[in-house]
Amino acid sequence: MSVAAITIVLYIFVFLFGIVIGSFLNVCIYRIPLKESIVFPHSHCMTCGYQLRWYDLVPLFSFLFLRGRCRKCHTKLSLQYPLVEGMNGALYVIVFLANGFNVMSVIYCLLTSALIVLSIIDFRQYIIPDKVNIVILVLGIIATIVDRPQWKEHVIGFFSVSVILLIIYLVTVGRGIGGGDVKLMAVAGLVIGWKACIVAFIVGCIAGSIIHVIRMKVSGANHRLALGPYLSMGIWFAMLFSEPIIEWYLRLCGLA
């Protein structure tokens, strides 16, 4: 088998693994806000209680085979299920394409999944669960250990943006920014380092400003902004592409 063929097989495996994890993310998205166990009870139809069999849980394919309906009561299922599964698989592939096959890419993939979960929960309920931030914190500790020569970058990243946000949170008594956003930028900074964390915050704020204004004009969304999804966009973008952006900026300023 040629190198190209092996590479394609590896990326197919990455995608398949990603959609399997994506199936689990749907469970987390539904149960974490309800403070339910993400392990028990087994997956079931929210309408009739039908306990799903293994062949009902094949990511993407089961949804397509059942035409998006419950096998027993035929209730229409949410498009969230295949979208989250497919997006998680696709983003895993992009992570490995951009960062190569290494341990940090695995960490970045798990961070990607955590960001998907917290983004959807925050978008719907304006809350970033501490459980998700704790998962990202663990990833940050692992990333710091794996990237030992640059450990200071990670530690500084924990404070680089979060301290400023914490001051805003305290001064505005939580009206200027949510506590979950402060925690998110702290633990994410530990994963990606301080330079990428700053880029992530800038990108997230710009994305939030533009997209939310469009949503208010088009769909009549209220002025209240769930910042978590946009910060997540910035974090995901920065962890993969911050270096060329920083280099471009330094050249623009004549510093490189």
Side-chain angles (χ1 to χ4, degrees), residues 8-96 109-136 180 207 211-212 214-222 224-230 232-233 236:
I8 292 173
V9 170
L10 286 174
Y11 282 118
I12 291 174
F13 175 79
V14 168
F15 177 76
L16 293 176
F17 181 73
I19 63 175
V20 170
I21 297 298
S23 181
F24 174 69
L25 300 186
N26 279 313
V27 176
C28 296
I29 290 166
Y30 176 76
R31 296 188 184 184
I32 288 177
L34 298 176
K35 298 183 179 179
E36 295 180 351
S37 169
I38 59 176
V39 180
F40 300 104
H42 297 299
S43 298
H44 57 277
C45 174
M46 298 298 128
T47 301
C48 68
Y50 165 70
Q51 186 168 311
L52 305 183
R53 305 295 188 265
W54 67 267
Y55 43 80
D56 298 315
L57 296 171
V58 180
L60 290 181
F61 300 103
S62 289
F63 186 90
L64 295 174
F65 180 77
L66 294 171
R67 297 181 181 179
R69 295 183 181 275
C70 171
R71 181 183 296 276
K72 186 174 183 180
C73 69
H74 306 295
T75 298
K76 191 173 182 180
L77 302 175
S78 172
L79 280 174
Q80 172 192 301
Y81 299 116
L83 289 178
V84 168
E85 292 166 356
M87 178 170 61
N88 197 64
L91 293 180
Y92 273 26
V93 171
I94 295 173
V95 167
F96 277 95
C109 282
L110 296 177
L111 174 59
T112 297
S113 295
L115 293 175
I116 290 174
V117 171
L118 74 84
S119 294
I120 296 176
I121 292 175
D122 192 32
F123 182 78
R124 290 176 174 172
Q125 304 188 25
Y126 298 98
I127 184 172
I128 297 178
D130 285 338
K131 289 182 179 179
V132 181
N133 276 331
I134 290 172
V135 169
I136 299 176
I211 296 174
H212 195 68
I214 294 174
R215 288 186 62 238
M216 288 193 295
K217 295 292 185 181
V218 174
S219 62
N222 60 40
R224 188 179 182 188
L225 172 65
L227 191 56
Y230 305 111
S232 295
M233 290 181 192
W236 189 86

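Values below: all heavy atoms of this structure, side chains included; hydrogens, waters and symmetry mates excluded.
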Between atom [atom1] of [X] and atom [atom2] of [Y], what is the distance when rounded to the nearest 0.5 Å?
{"X": "Gln125", "Y": "Ile32", "atom1": "CD", "atom2": "CD1", "value": "11.0 Å"}
{"X": "Leu91", "Y": "Ile21", "atom1": "CG", "atom2": "CD1", "value": "13.5 Å"}
{"X": "Leu60", "Y": "Ile19", "atom1": "CG", "atom2": "CD1", "value": "4.5 Å"}
{"X": "His74", "Y": "Cys48", "atom1": "NE2", "atom2": "SG", "value": "9.5 Å"}
{"X": "Ile94", "Y": "Tyr11", "atom1": "CD1", "atom2": "OH", "value": "11.0 Å"}
{"X": "Ser119", "Y": "Phe123", "atom1": "OG", "atom2": "CZ", "value": "10.5 Å"}

Determine the minimum heavy-atom distance between [X] and [Y], stating which atoms define it.
{"X": "Gly180", "Y": "Asn133", "result": "O-ND2, 3.6 Å"}
{"X": "Phe15", "Y": "Gly86", "result": "CE1-O, 4.0 Å"}
{"X": "Arg215", "Y": "Tyr230", "result": "CD-OH, 4.0 Å"}
{"X": "Ile121", "Y": "Ile127", "result": "CG2-O, 3.5 Å"}
{"X": "Asn26", "Y": "Tyr81", "result": "ND2-O, 3.1 Å"}
{"X": "Ile136", "Y": "Ala114", "result": "CG1-CB, 3.8 Å"}

Self-check item: More than 12 heavy atoms of other groups within 6.0 Å of Tyr126 OH
Solution: yes

Self-check item: side chain to side chain contact (heavy atoms under 4.5 Å, CB included) between Arg124 and Ile29, worked out
Solution: CA-CA 10 Å; Arg124 290 176 174 172; Ile29 290 166; 4.0 Å; yes

Any side-chain heavy atom of [X] within less than 4.5 Å of one from [Y]?
{"X": "Met233", "Y": "Ile211", "answer": "yes"}
{"X": "Leu118", "Y": "Ser232", "answer": "yes"}
{"X": "Asp122", "Y": "Pro229", "answer": "yes"}

Exercise. Please step through side chain to side chain contact (heavy atoms under 4.5 Å, CB included) for the pair Tyr92 and Leu110, ending with a clear verdict.
Key: CA-CA 9 Å; Tyr92 273 26; Leu110 296 177; 4.2 Å; yes

Quiz item: So, Arg53 side chain and Gln51 main chain: donor-acceptor pair closer than 3.5 Å or not?
Solution: yes

Exercise. Take Trp236 and Leu111 through the side chain to side chain contact (heavy atoms under 4.5 Å, CB included) test and state the conclusion after the steps.
Key: CA-CA 8 Å; Trp236 189 86; Leu111 174 59; over 6 Å; no

